[in-house]
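This report concerns only the one structure given below.
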Amino acid sequence: MTKPVALAADHGGYELKESIKAHLDERGIAYQDFGTLDGASCDYPDMAKAACDAVVAGDCRCALLFCGTGVGISMSANKIDGIRACCCSDAFSAEYTRRHNDANALCLGGRVVGPGLAACLVDLFLDTPFEGGRHQRRIEKMMALEQH
Ligand code: RB5
C-alpha cells in the first residue's frame with residue numbers, strides 16, 4: 001500500500017494546507033496531517049520537523065509543507081538529515097525537483113500561490129518520478145554535505 005503524504009503548516013500556510021487536503025481527498029491520496037490543526041500562530045521549524053521526521057522514519061512517502069512564503073519552512077526542512085525540500089511556485093521547478101533532485105518535500109507559500117496553482121504544483125510533485133542515472137551521483141554528493 002502507498003504510504004501517506006505528510007502535511008504540515010504554520011498559520012501562514014494553514015488555509016492552503018486545508019485546500020490541498022480537499023484536493024488530495026478528491027484524488028484519493030492518503031495523508032497524515034501534522035498540524036497546525038486550527039490555524040493558530042505557531043513556528044514553522046516545529047511544523048517542518050513533525051512532518052519531515054515521519055518522512056525520514058519511512059512512515060510517509062514525502063512531505064507537503066506550507067508557511068507564508070514557503071521559504072522558512074523549506075529552510076527548516078533542509079536542516080533535517082535525509083530531507084531534500086524545494087520551495088517553489090512554478091510548474092517547471094515542481095516537476096524537475098522530482099526528476100533531477102529526487103525532492104522529498106515540496107514547500108508552498110500560502111501568501112504566494114493560490115489554491116488552484118498549488119494543486120497543480122502538488123500534482124506535478126506527487127506524480128513525477130526521479131530519473132536516476134547521472135542525477136543519482138549528484139544526489140549522493142548532495143547528501144554527503146550533511147556530514148560536514
Ligand atoms: C509567519 O508570519 C511567516 O513569517 C511564515 O509563515 C513564513 O512566511 C516564513 O518564512
Side-chain angles (χ1 to χ4, degrees), residues 2-25 27 29-130 135-136 138-148:
T2 312
K3 293 175 185 174
V5 172
L7 304 179
D10 76 352
H11 50 289
Y14 170 73
E15 280 187 26
L16 192 58
K17 171 171 70 70
E18 295 307 299
S19 83
I20 290 300
K21 280 165 67 174
H23 179 67
L24 296 177
D25 285 339
R27 288 198 55 187
I29 294 174
Y31 55 81
Q32 191 173 347
D33 189 350
F34 290 87
T36 174
L37 299 177
D38 59 9
S41 182
C42 57
D43 298 336
Y44 53 80
D46 300 331
M47 310 320 293
K49 180 162 172 44
C52 290
D53 281 353
V55 175
V56 173
D59 297 332
C60 290
R61 60 184 273 208
C62 65
L64 301 176
L65 306 173
F66 308 84
C67 69
T69 57
V71 174
I73 206 159
S74 68
M75 289 178 167
S76 304
N78 277 317
K79 299 285 185 194
I80 298 169
D81 284 2
I83 293 297
R84 293 177 297 282
C86 172
C87 175
C88 75
S89 53
D90 70 279
F92 188 85
S93 299
E95 179 178 340
Y96 276 81
T97 199
R98 287 290 311 129
R99 286 193 189 286
H100 288 187
N101 311 133
D102 198 18
N104 54 12
L106 177 69
C107 307
L108 300 173
R111 298 168 185 159
V112 179
V113 296
L117 175 56
C120 290
L121 300 176
V122 164
D123 287 346
L124 283 166
F125 185 81
L126 294 180
D127 298 344
T128 302
F130 176 49
H135 301 295
Q136 182 59 42
R138 295 164 185 162
I139 299 303
E140 285 164 14
K141 287 184 178 182
M142 185 203 308
M143 301 318 282
L145 296 174
E146 288 178 346
Q147 311 310 320
H148 291 272

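When reading the values below, keep in mind they use all heavy atoms of this one structure, side chains included, and skip hydrogens, waters and symmetry mates. Owing to the predicted nature of the structure, the values given are computational and were not obtained by experimental measurement.
Using a 30° and 60° split on the angle between ring planes, His100 and Tyr96 fall in the perpendicular class, above 60°.
Here the closest non-hydrogen pair linking Gly72 and Cys67 is N-SG, 3.8 Å. Heavy atoms only, all atoms of each residue included: Phe34 and Cys60 are closest at CE1-SG, 4.3 Å. Residue Ala118 comes nearest to Leu16 through the heavy atom pair CB-CD1, 3.6 Å, listed as atom of the first residue, atom of the second, then distance. When all heavy atoms of Thr36 and Lys17 are compared, the pair lying nearest together is O-NZ, 3.0 Å. Among all heavy-atom pairs drawn from Val55 and Ala6, the shortest one is CG2-CB, 4.3 Å. The two residues Leu121 and Leu106 come nearest to each other via the heavy atoms O-CD2, 3.9 Å.
Between Leu65 and Cys52, some side-chain heavy-atom pair lies under the 4.5 Å cut-off. The shortest side-chain heavy-atom distance between Val56 and Asp81 does not fall under the 4.5 Å cut-off. Between Ile73 and Met47, the closest side-chain pair of non-hydrogen atoms falls below 4.5 Å. At least one side-chain heavy atom of Arg138 sits less than 4.5 Å from a side-chain heavy atom of His135. Proximity of Arg27 to Asp127: side-chain heavy atoms (C-beta onward) are separated by under 4.5 Å at one or more points. Considering only heavy atoms from C-beta on, Leu7 stays 4.5 Å or farther from Glu18 through its side chain. Inter-residue side-chain proximity for Val5 and Val122 is flagged as unmet; no heavy-atom pair is nearer than 4.5 Å.
Atom CZ of Arg84 is separated from atom CE of Met143 by 4.5 Å, given to the nearest 0.5 angstrom. Rounding to the nearest 0.5 Å gives a distance of 7.5 Å between NE2 of His23 and SG of Cys120. Between Leu117 atom CG and Leu108 atom CG the span is 8.0 Å, to the nearest 0.5 Å. Note that OG of Ser41 and CG of Asp10 are 7.5 Å apart. Values are rounded to the nearest 0.5 Å. How far CZ of Arg61 is from CD1 of Ile29: 6.0 Å, rounded to the nearest 0.5 Å. Separating the OG atom in Ser93 from the CZ atom in Arg98 is a distance of 14.0 Å, to the nearest 0.5 Å.
No donor-acceptor pair closer than 3.5 Å links the side chain of Asn104 to the backbone N or O of Cys62. For Asn101 (side chain) and Ala103 (main-chain N/O), no donor-acceptor pair under 3.5 Å exists by modelled atom type. At distances below 3.5 Å, not a single donor-acceptor pair connects side-chain atoms of Asp43 with backbone N or O atoms of Pro45.
For the residue pair Tyr31/Asp25, the side-chain donor-acceptor check at 3.5 Å is satisfied.
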Check step by step if side-chain contact (heavy atoms from CB on, under 4.5 Å) holds for Met75 and Lys79.
CA-CA 7 Å; Met75 289 178 167; Lys79 299 285 185 194; 5.8 Å; no
